[in-house]
Amino acid sequence: MNDFKKITDLKPANLIGKRVLVRVDFNVPLEKGQVVDDFRIQRSLPTIKFLQETGAKVILISHMGSGEDTLKPVALYLNKYLPIIFSNKVLDFEAVKDLNNGEVLLLENLRQHEGEASNNEAFAKELASLGEIYINEAFSASHRAHASIVGVSRLLPSYAGLLFVEEYENLSKVFNAPKPFTVIIGGAKFSTKLPVIKKLAPFSDNIFLGGALVHVLWKKMGYEVGQSLVDESVTDLDDILKLKNVHLPQDVVVQGEDGGKLNKLPDQVGSEDVISDAGPKTVGAIIKSIKEAKFTFWNGPLGFIEKGFMGSSQEIVEAIGKSDAYSIVGGGDTVGVINSLKAFDNFDFVSTAGGASLEFIASGTLVGIEVLKNK
Ligand code: 3PG
């Protein structure tokens, strides 16, 4: 049971002609001004279409990257699925006034306004005045105490969207995961993963660490990491190294001089090496644990995917696909790998959230959830 109101609590008849302000997360990867990964957009469509078909006046608000970026490519992309009116203003009162029932307006990148990130009260009031009802469909941005997540929600009748509820319910399953429970944590930024590892360690059976985040641990243990990426921002590593169910890679793949791939044991890594993926022994141990598990949670690729080191991630995707365990995966880069392999069906739940999913698991809540609960 969720203790916040959901879009499904609204009577469709009461939505006809209502101005509904929907906070979505259209912060999606772009290349040369084109959307290259539409996962978040696709997952937001059911809420948008429901409101549109019900006859509401739908006002979509989102951020995109930093304050410099524009949502115009997303508007062009969305037009494939439903007619979108795009405004290049963050606050466009005229465009909202002109909306007919069932029309959908997308406003410009919220972060172009300095009041968004600072949760400025006056900006939140102006944003809120655009709508009569607020829907948070941006679970993946709900760790940000920004005006569009927190400020507006305090001012309007507020509900969680369909995707928001799915994210909340599925990620909450991690807290009661049936055992054996296997966790795989990769990626580069150890600082963002450390609270999750600490939270899950007491009730998971195996936590496999991979990716560049491991390198700082290896340095601490006295191993050579060569020219590999190291997240030095975390210094308090002793607790993690003491945990018996936390496993570091047994072997790695390094980039060979000729562009090839070499398997090495941790003590064979040289001063010029770039560690780029988990080795076969490591992947074998992870796959064994996935096979035995009743629940699997994965966040962060184990390889340097930008340089094409997808091997370990691909094997993990396949192993999870074959397993009967309930599987949850999250994180922008991990979803990017799954997208490139067209393997969404291998998982029970693929989260649209990166940082927000980590923060939710580490703390059990998010600012955007708390504000909905307090309504
Ligand atoms: C994300 O991509 O994780 C969310 O859209 C949040 O973006 P942010 O880290 O720029 O706040």
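If you read the sequence from its start, that first residue is 1, and numbering goes on from there. FYI, side chains are in, hydrogens and waters are out, and symmetry mates aren't considered; it's all heavy atoms of this structure. When a ligand or atom number is given, it counts from 1 through the structure's own listing order.
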**OP:** For ligand 1, note which part of His146 has a heavy atom under 4.0 Å away: side chain, backbone, both or neither.
**Re:**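 No part of His146 comes within reach of ligand 1.
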
**OP:** Report the part of Met64 in contact with ligand 1, treating N, CA, C, O as backbone and CB onward as side chain, heavy atoms under 4.0 Å; options are side chain, backbone, both, neither.
**Re:**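 The answer is neither; Met64 stays 4.0 Å or more away.
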
Among all protein heavy atoms, pick the one closest to [atom] and tell me residue, atom and distance.
atom	result
atom 5 (O) of ligand 1	Asp25 OD2, 2.7 Å
atom 9 (O) of ligand 1	Arg144 NH2, 2.7 Å
atom 10 (O) of ligand 1	Arg111 NH1, 2.9 Å
atom 3 (O) of ligand 1	Arg40 NH2, 3.5 Å

Is [Y] paired with [X] through a side-chain N to carboxylate O contact shorter than 4.0 Å?
X	Y	value
Asp251	Lys281	no
Lys261	Asp277	no
Glu169	Lys173	no
Arg23	Glu116	yes

Subject >> ligand 1 to His63 polar contact by distance, N or O atoms, under 3.5 Å >> reply: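 Between His63 and ligand 1, an N or O pair is found under 3.5 Å apart.
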
**OP:** Report yes or no: is the cationic atom of Lys72 (NZ for Lys, CZ for Arg) under 6.0 Å from the centre of the six-membered ring of Phe86, at an angle within 45° of the ring normal?
**Re:**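 Pair Lys72/Phe86 does not count as cation-pi.
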
**OP:** Report the relative orientation of the aromatic rings in His113 and Phe123; use parallel for angles under 30°, tilted for 30 to 60°, perpendicular for over 60°.
**Re:**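 His113 and Phe123: parallel rings.
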
Subject >> Numbered atoms of ligand 1 (with element) below 4.0 Å of Asn27, judged on heavy atoms >> reply: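 With Asn27 as reference, the close atoms of ligand 1 come out as 1 (C), 2 (O), 4 (C), 5 (O), 7 (O).
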
Original post:
Honestly curious: do Val246 and Val234 fall in one hydrophobic cluster under the side-chain, below-4.5 Å linking rule?
Top reply: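 In one cluster: yes.
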
Original post:
Does ligand 1 have any atom sitting under 4.0 Å from a heavy atom of Ser140?
Top reply: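 True for this residue.
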
